[in-house]
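Computation of the quantities below employed the complete heavy-atom set of this structure, encompassing side-chain atoms and omitting hydrogens, waters and symmetry-equivalent molecules. Chain letters run A, B, ... following the sequence lines, proteins first, then strands; residues in each count from 1. For clarity, every value in this text was computed on a predicted model and none was experimentally measured.
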Amino acid sequence: MSSWIRFRLKSTKAAGRAINMLKRTCTCGELTKSDVGREVALNGWVDAYRDFGGLVFIDLRDRFGITQVVFEPSAGAELQARARELRAEYVVGVRGTVAERLPGKENPNLATGQIELRAAELVVFNESVTPPFEIQGPEPNEELRLTYRYLDLRRPSVQRVFLLRHRMLQSMRNSMSDMGFVEVETPMLGRSTPEGARDFLVPSRVHAGRFYALPQSPQLYKQILMVAGYDRYFQIARCFRDEDLRANRQPEFTQLDVEMSFVEDEDVIATMERLVVALAKEFTGEELNLPLPRYAYHDVVERYGSDRPDLRYDLELKDLADLAAASEFQVFRQAIDSGKRVRGFRVPGGGSKLSRKDLDQLTEYAGSLGAKGLVWLRVEESTFAGPAAKFLPAPLQTQFRERFDAKQGDLLLIVADTQAVTNQVLSALRSRVAADLKLYDPSKFHYSWIIRFPLLAWDAEEGRYAAEHHPFTMPLPEDLHLLDTDPAKVRAQAYDLVINGEEAGGGTIRCHDPKIQAKIFSLLGLTPEQAEEKFGFLLGALRHGAPPHGGIALGFDRWVMLYAGLENIRDCIAFPKTARGTDLMTGAPGTVDARQMRELKLRFLES
RNA sequence: GGGGAUGUAGCUCAAUUGGUUAGAGCACCGGCCUGUCACGCCGGAGGUUACGGGUUCGAGCCCCGCCAUCCUCGCCA
């Protein structure tokens, strides 16, 4: 039994007894044979009732477990009659004696299956209308689960997730504190800053026409805390981004936000690895070897088509430019001639395991991601099979074989297109094929760091560079000279933690050198005046004695999702939003009345 | 904003090529039952097939529109 219940039981003993209150002495998950003979009281929800006329059984449920209660004739006709009225999800208190079950009547599926509670007193705290779905029944559809979230959250399989989330939160907080980090809260009502995602805005009543913005992350505050000398900061921070949602993306989410002073990237990475090792051990039982593998951004994009590759399986991409150029196959030739790329990967055993229909579906999938086609080649004893095979003469087929180290029964998947499209399509195909063919153990985890991201990315639409991470990132020292000559080649002191192909977190060493910062601003198309206007408070802080500093933010929800074995981030957020940002339980976002609008001096424009 | 999937009883699902009165299990209601634990047995009620149009002798099924949920591209670390 958890200690807080014992504490409450003691502390309330002397308090005045409310009428009809029957306080529990135990939870529904803890009674065993050693409790036989005790008089106890349980509180909980009716999970199931079985009425035999002369004998009534109730399964009583709370978050600790289920205990069978039996109402025998000897308890009195009146008590039995009232027990017979109980229905699913009624909330009751039962007092009685713990009894050993009759021989042969034990239930091995219940932790409490050796005993039952012989009821002597029953209090119905509350009845329940018939629930829209059964708490222990088949999984209702998600729309219904979110509408009746209070019932969904009552389901044991869901409670398991939130108990895990709680324990991970506690463990993380303790680890950070033990490593000397100070937890500081930063504001939710802040100032809108450019760059990054769209802000959620909150209108100011006092200052009509002005708005607060909910934080996309505590980024600027945590840097200011470093200037203020807090040295090691962390926060379990709620962040808000008003962008379209995905299976792993919610408009408000929780991140472990970290910042450290007097550090280089190695220090941040090493510190986070200690945390990852501790959590992995506690919640997955796995002992990780340190350091975790690290890959340079350019290498993983080349080898896997993604900056967050799922490395639980191999399926490494190969470049085929030279072979494609030597072929007569128009799809390949045209791609090469127009400066595009031809790349692909080998699926071990895929030639025999994937049917023609599977391959057609993969082709369709590739098309939906922007590819004009998908070249597939089944590797046979000495030849290739597939629509494109006839365009590849035997000597070239041999070279393909060697390039992929292909064996009979394998499958080659090849895409000819731009760098961006081949990346996108091939990385998506990698994960889909790996999942379809079960090329990895879904209960295992793969952790890696992706490092040396580009500092800047060219934004064709805006005609300027945009910060790849954020505008206060420090370039790699050896790339500093490229800021003037070839800014796109400058690599950043940036690092992402990737778990199973999910971006679990990312961070950078910050730029505390005003000269370098000024240069970056100018590349971003910001004049000193504009930079001052937008980030003045941070720049001001950086001029008042800023230590070298850097940090990271880990996506906590995604981490819980992975460790809970979930495929959807909503399932580890107690009250999540739908993909369109609504809350089906509360109806948010809702309208507000005219008086609130007037107070804020806002008017709704019909679109 | 684009692409895709789904929507049938309270829930989970079925319903041949467009063809009789849209079915099953669970839940619900009534009855019986002293050892069940997915209790069992008997009986009952429950449907605007998301919604709005259309085609057809006839639509759950085909067409158009629309709403909701999910996945995804764009977007977003």
Atom-pair distance (CG on A:L60; P on B:C37), nearest Å: 19 Å
Atom-to-atom span, CD1 of A:I58 to C1' of B:C39 - whole angstrom: 13 Å
Under 4.0 angstrom between A:R246 side-chain N/O and B:C73 OP1 or OP2: yes
Between P of B:G74 and CZ of A:R198, the distance in whole Å: 15 Å
Length of the line joining A:D59:CG and B:G35:P, which is rounded to integer Å: 17 Å
B:U36 phosphate, OP1 or OP2, under 4.0 Å from A:R50 side-chain N/O: no
For A:F133 against A:R145, the heavy-atom pair lying closest together: CE2-CA, 4.5 Å
Below 4.0 Å: OP1/OP2 of B:A77 and any side-chain N or O of A:Q219: no
Identified pairing partner of B:U21, criterion: Watson-Crick or G-U wobble below 3.5 Å: none
Given B:U36, B:U69, B:C76, the nucleotide with the shortest approach to the side chain of A:E143: B:U69
A:R101 side chain, from C-beta outward: closest of B:C37, B:C75, B:A77: B:C37
Nucleotide nearest A:R87 (side chain, heavy atoms from C-beta), chosen from B:C75, B:G30, B:U36: B:G30
Nucleotide paired to B:U8 in any strand shown, Watson-Crick or G-U, under 3.5 Å: none
Paired nucleotide for B:G44 [Watson-Crick or G-U wobble; both distances under 3.5 Å]: B:C28
Proximal nucleotide (of B:U12, B:A77, B:G35) relative to the A:K105 side chain: B:G35
Contacts of A:R61 that satisfy salt bridge (charged side-chain N to carboxylate O under 4.0 Å, His left out) - sequence neighbours left out: A:D47, A:E89
Distance between C1' atoms of B:G10 and B:C57 (Å, rounded): 36 Å
C1' atoms of B:G65 and B:A50, separation to the nearest Å: 14 Å
B:C71 OP1/OP2 closer than 4.0 Å to side-chain N/O of A:R570: yes
Pairing partner of B:U56 (Watson-Crick or G-U wobble, both distances under 3.5 Å): none
A:E134 side-chain proximity, nearest of B:C71, B:C75, B:A27: B:A27
Geometric cation-pi criterion A:R312 and A:F445, 6.0 Å radius, 45° cone: no
Candidates B:A77, B:C73, B:C71 - which lies nearest the side chain of A:R241: B:A77
Face-to-face contact A:F57 to B:U36 six-ring, under 5.5 Å, under 30°: yes
Whole angstrom value for the distance that separates P of B:A68 from NZ of A:K577: 17 Å
Strand-adjacent residues in residues 147-157 of chain A, judged by heavy atoms under 4.0 Å from RNA chain B: none
Touch class at under 4.0 angstrom, heavy-atom based, for A:I66 against every strand present: nothing
Base of B:G35 paired with side chain of A:E116 (donor-acceptor, under 3.5 Å): yes
Donor/acceptor link under 3.5 angstrom from A:N141 side chain onto base of B:G7: no
With sequence neighbours excluded, residues passing side-chain contact (heavy atoms from CB on, under 4.5 Å) with A:R432: A:Q361, A:L362, A:Y365, A:D436
hbond_proxy A:Q136 side chain to B:A38 base (donor-acceptor, 3.5 Å cutoff): no
A:N109 side chain, from C-beta outward: closest of B:U69, B:A38, B:C71: B:A38
Polar pair under 3.5 Å, donor/acceptor by atom type, side chain A:R580, base B:C67: no
Among B:G35, B:A77, B:C75, the nucleotide that comes nearest once only the side chain of A:F52 is considered: B:G35
Options B:C29, B:U34, B:C39, nucleotide nearest the side-chain atoms of A:Y49: B:C29
Pair of N/O donor and acceptor under 3.5 Å linking B:U34 base with A:E72 side chain: no
Salt bridge A:R149-A:D152, side-chain N to carboxylate O under 4.0 Å: yes
Among B:C37, B:G30, B:U34, the nucleotide that comes nearest once only the side chain of A:L55 is considered: B:U34
